[in-house]
Protein chains: 2
Amino acid sequence: MTNHDLETPTLMGSKERLVAAALSLFQAKGYHGVAISDILEAADLPKGSLYHHFPGGKEELAIAAVGFIADEVDARLASEFAKNKRAGAVLLELAHECVSWLQRSDYTQTPLLGLLAASPGESALTQAICDAQKRWLARFETALGGTEAAHDKACLALASLEGGISLARMSRSSDLLIRSVTLAALHINQR
Amino acid sequence: MTNHDLETPTLMGSKERLVAAALSLFQAKGYHGVAISDILEAADLPKGSLYHHFPGGKEELAIAAVGFIADEVDARLASEFAKNKRAGAVLLELAHECVSWLQRSDYTQTPLLGLLAASPGESALTQAICDAQKRWLARFETALGGTEAAHDKACLALASLEGGISLARMSRSSDLLIRSVTLAALHINQR
DNA sequence: GAGAAACTAGACCGGCTGGTCTAGAGCGGT
DNA sequence: ACCGCTCTAGACCAGCCGGTCTAGTTTCTC
């Protein structure tokens, strides 16, 4: 997932390479923690390319990165739910994917959007993040039946995931993530 | 909680004022999103004061801010648990406090430490955040009996709280936080 | 193969960053 | 009155920031 492999850059257009590099860096250091020059270096492209593909600069690129992962996770959820899996099982699967993500990056990256939240107040970037969360939430909600209780459970699913990621990243151990998500999945599957 | 009221600065020493201003700003924009000049302006102090009290500069100040809120929440948890309240009830109470916090700041602030996570890799700041999380986790764990299952539940408690805060902040509605924490509390109180 | 369009390349800029440093204000002790 | 200590005050700096712009190269189209 998401591994549009930065090591073989020629396989990706420069626009995609920019988005991939930006996403990876933003997930590691947050919006303000990443300099444009960092992204350019990671994508091995000059400044001109960035402002050609993303005239809106850093923020537009960040929005594209958020949209990219939003789509990716959303599609993944859709395909899992299409197999009639129980919501708890899908949540656990996603969590395990996040774990391998964390481990692969030596706990520097935050798999979903947690870190991006450090965004400029009322901006379009905030909106993009919000949209992504809404879509993921909706996937769980409808899979759980669309009732009021389903909404509650969907909230718990996402919250335990995002929160667990944050705990795991700080303690450099996927343990805490697995524990909290497992428990949440258990509860969600009930009834 | 934490309201060492920036509006009446003369009641606080300048060191405390710096910590309070820094905490509030970091919670709103993350470590990298805040400039030293912002903090000084909020605390109404010149640069000299900062580097007198915190020779280590921005990072040392951030660590102090993290320590401050870590202590505050920890003490709060200790006093609540001392009344023999059930863990779920304490969690809910904390969540409601976070809600009023979010609302008071018009959803700009992140009550706990979620945003600070966007910190420089292997630094002392990361360590401070990690310590805070460990302490809070331990409070819940021992209150829940110290068993293996208690550890799991403690993880869920904190994860649902941090994750719920993130969801709520983005959607500008405390609803999602309340829902996820309520469900988590329910589960935690079982048995 | 001519010409337009898409893209790369990187020098350049003003503003802001975190941090240093010197000067002095305020105050307690003697 | 004097001194020494704590703290305030803010000018100053080198380096980095995001962003602009012009010049070149490649690629597509006819």
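Throughout, protein chains are lettered first and strands after them, A, B, ... in sequence-line order, and every chain is numbered starting at 1. Only heavy atoms go into these numbers, but all of them, side chains included; no hydrogens, no water, no symmetry mates.
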Roughly how many Å is it from CD in B:Glu41 to P in D:dA9, rounded to a whole number? 15 Å

Do A:Lys29 and B:Tyr31 form a cation-pi contact, if we require the NZ or CZ to be under 6.0 Å from the six-membered ring centre and within 45 degrees of the ring's axis? no

Whether A:Arg76 and A:Glu97 form a salt bridge (side-chain N of Lys/Arg under 4.0 Å from carboxylate O of Asp/Glu) is what I want to check. yes

Specify the separation, in whole Å, of atom CD of A:Glu60 and atom C1' of D:dG18. 14 Å

B:His52 side chain: which of C:dG19, D:dC7, C:dT8 is closest? D:dC7

Of the options B:Thr182, B:Leu161, B:Leu77, B:Asn189, which is the one that meets B:Leu91 in a side-chain contact (heavy atoms from CB on, under 4.5 Å)? B:Leu161

Distance test, side-chain N/O of A:His53 to OP1/OP2 of C:dT8, below 4.0 Å: yes

Can you check each nucleotide of nucleotides 10-17 of chain D against protein heavy atoms at under 4.0 Å and return B for base, S for sugar-phosphate only, - for none, in 5' to 3' order? BB-----S

Axis-to-axis angle between the two ends of the helix from C:dG1-D:dC30 to C:dT30-D:dA1 (five base pairs per end, rounded to 10 degrees): 10°

Nearest-Å distance for atom pair OH/P, residues A:Tyr51 and C:dC7: 18 Å

Heavy-atom count check: over 12 atoms from other residues, nucleotides or ligands less than 6.0 Å from B:Gln103 CD? yes

D:dT6 P sits how many Å from B:Lys15 NZ, rounded? 13 Å

Euclidean distance, atom CG of residue B:Leu40 to atom C1' of D:dC7 [Å, nearest integer]: 14 Å

Measure the shortest side-chain to side-chain distance between B:Leu18 and B:Leu40 over non-hydrogen atoms and say whether it is less than 4.5 angstrom. yes

Any side-chain N or O of B:Ser14 less than 4.0 Å from the OP1 or OP2 oxygen of D:dC7? no

Taking every non-hydrogen atom, the tightest pair across B:His32 and B:Lys58: CA-NZ, 4.2 Å

B:Phe26 and B:Leu115, any side-chain heavy atoms less than 4.5 Å apart: no

Is any side-chain N of the basic residue among A:Arg17 and A:Asp44 closer than 4.0 Å to the acidic one's carboxylate O? no

Rounded to whole angstrom units, what separation is found between the CG atom of A:Leu45 and the P atom of C:dA6? 18 Å

May I have the distance from A:Phe54 (atom CZ) to D:dG18 (atom P), rounded to whole angstrom? 16 Å

Is it true that A:Arg179 and B:Glu148 have a side-chain N and a carboxylate O under 4.0 angstrom from each other? yes

